[in-house]
Number of protein chains: 2
Amino acid sequence: MSYTISEAAEKVGIPATTIRYYDKEGLLPNIKRKNGIRVFEDIDLRLMGLLTCLKDTGMPIKRIREYVELTKKGDASLQERYEIIKAQRRFVMDQIRQLQFYLEELDFKDWYYNKALAAGTEKAISFDDYEKETGRKAPDDPNRKG
Amino acid sequence: MSYTISEAAEKVGIPATTIRYYDKEGLLPNIKRKNGIRVFEDIDLRLMGLLTCLKDTGMPIKRIREYVELTKKGDASLQERYEIIKAQRRFVMDQIRQLQFYLEELDFKDWYYNKALAAGTEKAISFDDYEKETGRKAPDDPNRKG
DNA sequence: CCTTGACTTAAAGCTAACTTTAAGTATTAG
DNA sequence: CTAATACTTAAAGTTAGCTTTAAGTCAAGG
């Protein structure tokens with residue numbers, strides 16, 4: 001299947017203007033043209049899926065371009081591309097861990113406001129109760145160690 | 001305990017310049033001054049911990065300021081603050097889910113490059129093998145449904 | 001007393017990742 | 001044939017979140 005830029009935009013969920021920008025930035029190698037107009041194939045859409053993955057997990061466009069450039073070199077760049085993917089994979093795992101940590105902080109705040117709303121006031125909410133009730137340490141407990 | 005801005009910066013892991021910027025943006029209400037110089041207390045550091053949580057989970061500074069403003073209103077704003085926290089909590093859970101989805105895409109790529117390096121070439125790697133070997137769908141499998 | 005270093009401010013500058021604008025070309029429907 | 005629509009380009013503009021700069025104040029140590 002072939003697609004115009006607006007069809008591709010619809011499919012991958014990226015505005016056409018942004019796709020042109022990515023193309024200009026060298027993120028979309030070898031997009032075909034017909035009368036100067038871009039023609040997208042399924043393989044291009046699949047690559048854009050990977051670009052979205054890398055971009056949304058925090059890889060800068062510069063680095064994505066490096067990855068795309070390596071891809072053009074074929075099998076000679078397999079190891080280098082593998083290293084990039086492995087690094088990004090570790091990076092994403094770290095992000096998930098970090099978000100889970102922040103989620104605990106928000107869990108505490110959720111508990112806190114629940115308690116405060118029940119009491120009608122946030123004065124005299126005991127941080128110790130959080131541990132007693134949930135078995136978890138209050139993340140911003142003034143008495144927390146470390 | 002009291003701290004200078006550079007001690008506070010060290011403690012919370014935010015540059016002093018950025019702390020001044022946050023203060024200017026209204027994210028740090030009622031920081032004490034002594035001869036015009038900011039004096040940080042433990043309670044301020046704890047608030048900065050929450051700010052870091054909100055900021056790093058994607059809340060814009062504008063919105064953080066709204067939250068901080070509400071805090072100043074005391075118990076009258078408990079419900080509103082609770083809504084903000086609940087929304088951010090859901091937002092973080094969505095982010096984690098999204099990252100786990102992207103991680104699967106990277107898991108596939110990891111498998112792919114492993115296989116390609118073993119074979120010496122990425123020509124003729126079967127996407128079907130990924131499902132056979134791991135029981136998972138290849139995220140950018142050209143034959144994938146949906 | 002004088003220098004050093006930490007602090008102060010307002011304002012300008014920076015970077016990434018778009019987004020918009022302006023001007024033009026090509027295809028299609030009536 | 002004409003008008004609408006979809007596309008093209010280069011370049012300027014936007015936004016968030018800092019970061020740097022310039023000019024100055026203040027307290028402590030030698």
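In what follows, chains carry the letters A, B, and so on, assigned in the order in which the sequence lines appear, proteins first and then strands, with residues in each chain numbered from 1. Small disclaimer: the values here were computed from a predicted structure and weren't measured.
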Using atom [atom1] of [X] as one end and atom [atom2] of [N] as the other, report the distance to the nearest whole Å.
X     : N      : atom1 : atom2 : answer
A:Y3  : D:dC7  : OH    : C1'   : 19 Å
B:I64 : D:dG17 : CD1   : C1'   : 11 Å
B:R65 : D:dG17 : CZ    : C1'   : 12 Å
A:R20 : D:dA11 : CZ    : C1'   : 15 Å
B:L54 : D:dG17 : CG    : P     : 12 Å

Checklist entry - Cationic tip of A:K86 within the cone over A:Y82's six-membered ring, i.e. under 6.0 Å and within 45° of the normal? => result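 The answer is yes; both the distance and angle limits are met.
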Item to check | CD/B:E69: more than 12 non-hydrogen atoms of other groups inside 6.0 Å | outcome: yes
Item to check | Range on DNA chain C touched by chain B - first to last nucleotide, heavy-atom distance under 4.0 Å | outcome: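 The contacted stretch runs from C:dA6 to C:dT9.
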Checklist entry - Under 4.0 angstrom, heavy atoms only, what part of the nucleic acid is A:T18 near: base, sugar-phosphate, or nothing? => result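 Since only primed, P, OP1 and OP2 atoms lie under 4.0 Å of A:T18, the category is sugar-phosphate.
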Residue pair [X] / [Y]: nearest heavy atoms and the distance that separates them:
X      : Y      : value
A:Y130 : A:E104 : OH-O, 4.2 Å
B:L70  : B:S77  : O-OG, 2.5 Å
A:I19  : A:A8   : CD1-C, 4.2 Å
A:L54  : A:Y67  : CD1-CD2, 4.4 Å

Next on the checklist: Using a 4.0 Å cut-off on heavy atoms, which residues in residues 25-43 of chain B reach DNA chain C? List them by number, or say none.
Outcome noted: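 Listed by number, they are B:R33, B:G36, B:I37, B:R38.
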Checklist entry - Checking salt bridge (Lys or Arg N to Asp or Glu O under 4.0 Å) against A:E25, which of A:K55, A:K62, A:R65 comes through? => result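 Of all the options given, the one that passes is A:R65.
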Item to check | Nucleic acid contacts of residues 4-15 of chain A, taken as heavy-atom distances under 4.0 Å to DNA chain D | outcome: A:T4, A:I5, A:S6
Next on the checklist: Quick one about A:E41 and A:S2 (side-chain donor to acceptor, distance below 3.5 Å, no hydrogens or angles considered), yes or no?
Outcome noted: yes
Checklist entry - B:M93, A:L106: one ILVMFWY side-chain cluster at the under-4.5 Å cut-off? => result yes
Checklist entry - With ring centroids as reference points, do A:F127 and A:F108 lie under 6.0 angstrom apart? => result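 Yes, the ring of A:F127 comes within the 6.0 Å limit of the ring of A:F108, centre to centre.
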Next on the checklist: Quick one, B:D44 with B:Y3, criterion side-chain hydrogen bond (donor to acceptor under 3.5 Å, both in side chains). Give me CA distance, side-chain angles, the key distance, then yes/no.
Outcome noted: CA-CA 10 Å; B:D44 299 318; B:Y3 310 91; over 6 Å; no
